[in-house]
Participant: 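Sharing a structure with you now.
Since we're looking at a predicted model, the values are computed, not measured.
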Amino acid sequence: MRFIRAFKVAVKNALKFHPRYALLARKSAGLPSITDPIYSKDIFIITSCVYTELNSSFINHNIKHTPAKRFSETITGLKSIKEYYPEAVVIFLESSKLSPTDRSLIDPLIDRFYDYSGSKEIKIARQHYNKGVPQYTAFVKFFEENHNAYEADTFHFLGARYILTGAIANQYKGQGSYFLFFPNHDNVSTRYFFVKGYNLKSIISAFRSTLYFAIMGNSVEDIIHGFIPSFQKVQKLEVKGIINGQEAINE
């Protein structure tokens, strides 16, 4: 049923498809084999786009969420990771161009910074009407290029503007992909989720499939749990934040 709805959305939005989006189907070349990848019990992969309005061709999906608010929330969110997972490796994927001052505030809170502001794929994705497209383009690009560089017991995926309020992942031991599920909508929260017992290479196809459906107009929240391996439901994520610059959530 979920995929029937997804295909209906794709058909409805077919006329919105621009040929440039076909370039997002191109796969990135990965790194050479790495004999000593970085390992951590917990690795956080953070997606961010602080400056959404600097290029007129880019779509600002949340006009009430100013760059100043985004950046402030990002710093608070990164600090929350250090509070609840002090030994975690934090990887930061930024799709806009940050100033040296911005970097000086972010760098002490992270372990690896990936500047995707100049990426052709990201520039194309940021022109899409669906906000999930640039985020999942960044995920897929990172996975394909770096999947053999990082190993973890748990990979955490967190939007930069959200703040952890606890260490929920520590309560779950089994292999699986853990999401907060909303039965009334048959969808999940992707503000924060985590995957246990899988390497990055094994989840590339799930994220790429989600990206394809997002390009055709589907919300990633509606579709990712149909692709991700061993989907598991959690009762609470222990994450909070502001949606669209105005609505507070605590999940």
Side-chain angles (χ1 to χ4, degrees), residues 6 9-10 12-29 45-75 77-78 91-103 106 110 112-146 157-162 189-192 204 206-224 241-246:
V9 171
K12 180 180 178 180
N13 292 302
L15 294 179
K16 293 184 180 181
F17 183 82
H18 192 284
R20 62 173 171 258
Y21 301 139
L23 293 175
L24 300 181
R26 183 179 59 187
K27 296 184 178 181
S28 301
I45 302 175
I46 312 298
T47 51
S48 173
C49 187
V50 174
Y51 297 101
T52 58
E53 79 296 352
L54 294 183
N55 187 316
S56 60
S57 69
F58 296 159
I59 295 178
N60 186 354
H61 297 281
N62 301 317
I63 59 176
K64 293 184 178 180
H65 219 146
T66 66
K69 287 181 179 179
R70 287 173 175 272
F71 189 77
S72 176
E73 291 163 358
T74 296
I75 295 298
L78 292 173
I91 299 168
F92 196 84
L93 315 181
E94 176 57 49
S95 293
S96 67
K97 191 65 178 178
L98 299 186
S99 69
T101 300
D102 294 336
R103 285 291 304 272
I106 287 178
I110 66 173
R112 293 289 188 277
F113 184 95
Y114 288 81
D115 180 0
Y116 285 166
S117 62
S119 162
K120 183 177 181 178
E121 295 92 345
I122 294 297
K123 289 179 179 179
I124 291 172
R126 291 184 65 184
Q127 298 176 59
H128 200 281
Y129 60 88
N130 185 348
K131 65 182 180 181
V133 172
Q135 181 186 25
Y136 278 70
T137 297
F139 274 139
V140 169
K141 178 178 175 64
F142 173 76
F143 296 159
E144 291 183 343
E145 294 178 348
N146 302 281
F157 304 92
L158 179 68
R161 297 183 290 105
Y162 298 102
S189 172
T190 58
R191 286 176 272 276
Y192 170 55
I204 290 174
F207 279 75
R208 185 166 273 288
S209 296
T210 301
L211 172 60
Y212 292 155
F213 275 87
I215 290 171
M216 298 308 298
N218 284 274
S219 167
V220 295
E221 290 83 1
D222 292 340
I223 203 69
I224 188 172
I242 305 294
I243 301 175
N244 298 327
Q246 46 191 342

Participant: Check whether Arg191 reaches the backbone of Ile243 with its side chain - one donor and one acceptor, N or O, closer than 3.5 Å.
Facilitator: no
Participant: Leu98 versus Phe113: any side-chain heavy-atom pair under 4.5 Å?
Facilitator: yes
Participant: List the residues meeting side-chain hydrogen bond (donor to acceptor under 3.5 Å, both in side chains) with Arg103, not counting sequence neighbours, and say none if there are none.
Facilitator: Asp107
Participant: Using a 3.5 Å distance criterion without hydrogens, assess whether the side chain of Asn130 forms a donor-acceptor pair with backbone atoms of Asn218.
Facilitator: yes
Participant: So, for Arg208 and Val140, which heavy atoms are closest and what is the spacing to 0.1 Å?
Facilitator: NH2-CG1, 3.3 Å
Participant: Could you measure the distance from the CD1 atom of Ile124 to the OG atom of Ser119? Nearest 0.5 Å is fine.
Facilitator: 8.5 Å
Participant: Are Glu121 and Leu23 close enough, and set up right, to give a side chain to side chain contact (heavy atoms under 4.5 Å, CB included), and what steps lead you there?
Facilitator: CA-CA 7 Å; Glu121 295 92 345; Leu23 293 175; over 6 Å; no
Participant: Tell me whether the centres of the aromatic rings in Phe92 and Tyr114 are closer together than 6.0 Å.
Facilitator: no
Participant: With a 4.0 Å cut-off on N to O distance, would you call Glu145 and Lys141 a salt bridge?
Facilitator: yes
Participant: To the nearest 0.5 Å, what is the distance between NZ (Lys131) and SG (Cys49)?
Facilitator: 12.5 Å
Participant: Decide yes or no for Ile91 and Ile110: does some side-chain heavy atom of the first lie under 4.5 Å from some side-chain heavy atom of the second?
Facilitator: no
Participant: Provide the closest heavy-atom pair for Val50 versus Arg70 in the form atom of the first, atom of the second, distance.
Facilitator: O-CD, 3.1 Å
Participant: With sequence neighbours excluded, what pairs up with Ser219 under the side-chain contact (heavy atoms from CB on, under 4.5 Å) test?
Facilitator: Glu221, Asp222
Participant: Search all heavy atoms of Val220 against all heavy atoms of Gly132 and return the closest pair with its distance.
Facilitator: CG1-CA, 4.2 Å
Participant: For the residue pair His18 and Tyr21, does the interplanar ring angle fall in the parallel (under 30°), tilted (30 to 60°) or perpendicular (over 60°) class?
Facilitator: perpendicular
Participant: Quick check: Phe71 with Tyr51 (ring centres under 6.0 Å apart)?
Facilitator: no
Participant: Considering non-hydrogen atoms only, spot the tightest contact between Phe143 and Ile204 and give its length.
Facilitator: CB-CG1, 3.5 Å
Participant: Evaluate side chain to side chain contact (heavy atoms under 4.5 Å, CB included) for Asp115 paired with Leu93, printing each intermediate quantity in order.
Facilitator: CA-CA 6 Å; Asp115 180 0; Leu93 315 181; over 6 Å; no
Participant: Is there a donor-acceptor contact under 3.5 Å linking the side chains of Glu94 and Ser96?
Facilitator: yes
Participant: Quick check: Phe213 with Tyr136 (ring centres under 6.0 Å apart)?
Facilitator: no
Participant: Is a donor on one side and an acceptor on the other found under 3.5 Å between the side chain of Ser72 and the backbone of Ala68?
Facilitator: no
Participant: Does Asn146 reach the main-chain N or O of Phe142 with its side chain, forming a donor-acceptor pair under 3.5 Å?
Facilitator: yes
Participant: May I ask you to test the Ile242-Glu73 pair for a side-chain heavy-atom distance under 4.5 Å?
Facilitator: yes
Participant: Out of curiosity, Phe157 CZ to Gln135 CD, how far, rounded to the nearest 0.5 Å?
Facilitator: 11.0 Å
Participant: Would you name the heavy atoms of Gln127 and Lys123 that are closest together and state the gap between them?
Facilitator: NE2-O, 3.2 Å
Participant: When you compare the side chain of Ile46 with that of Thr74, does any pair of heavy atoms fall below 4.5 Å?
Facilitator: no
Participant: Enter the distance from Thr47:OG1 to Arg161:CZ here, rounded to the nearest 0.5 Å.
Facilitator: 9.0 Å
Participant: Looking only at heavy atoms, which two atoms of Ile215 and His128 are closest? And how far apart?
Facilitator: O-NE2, 2.8 Å
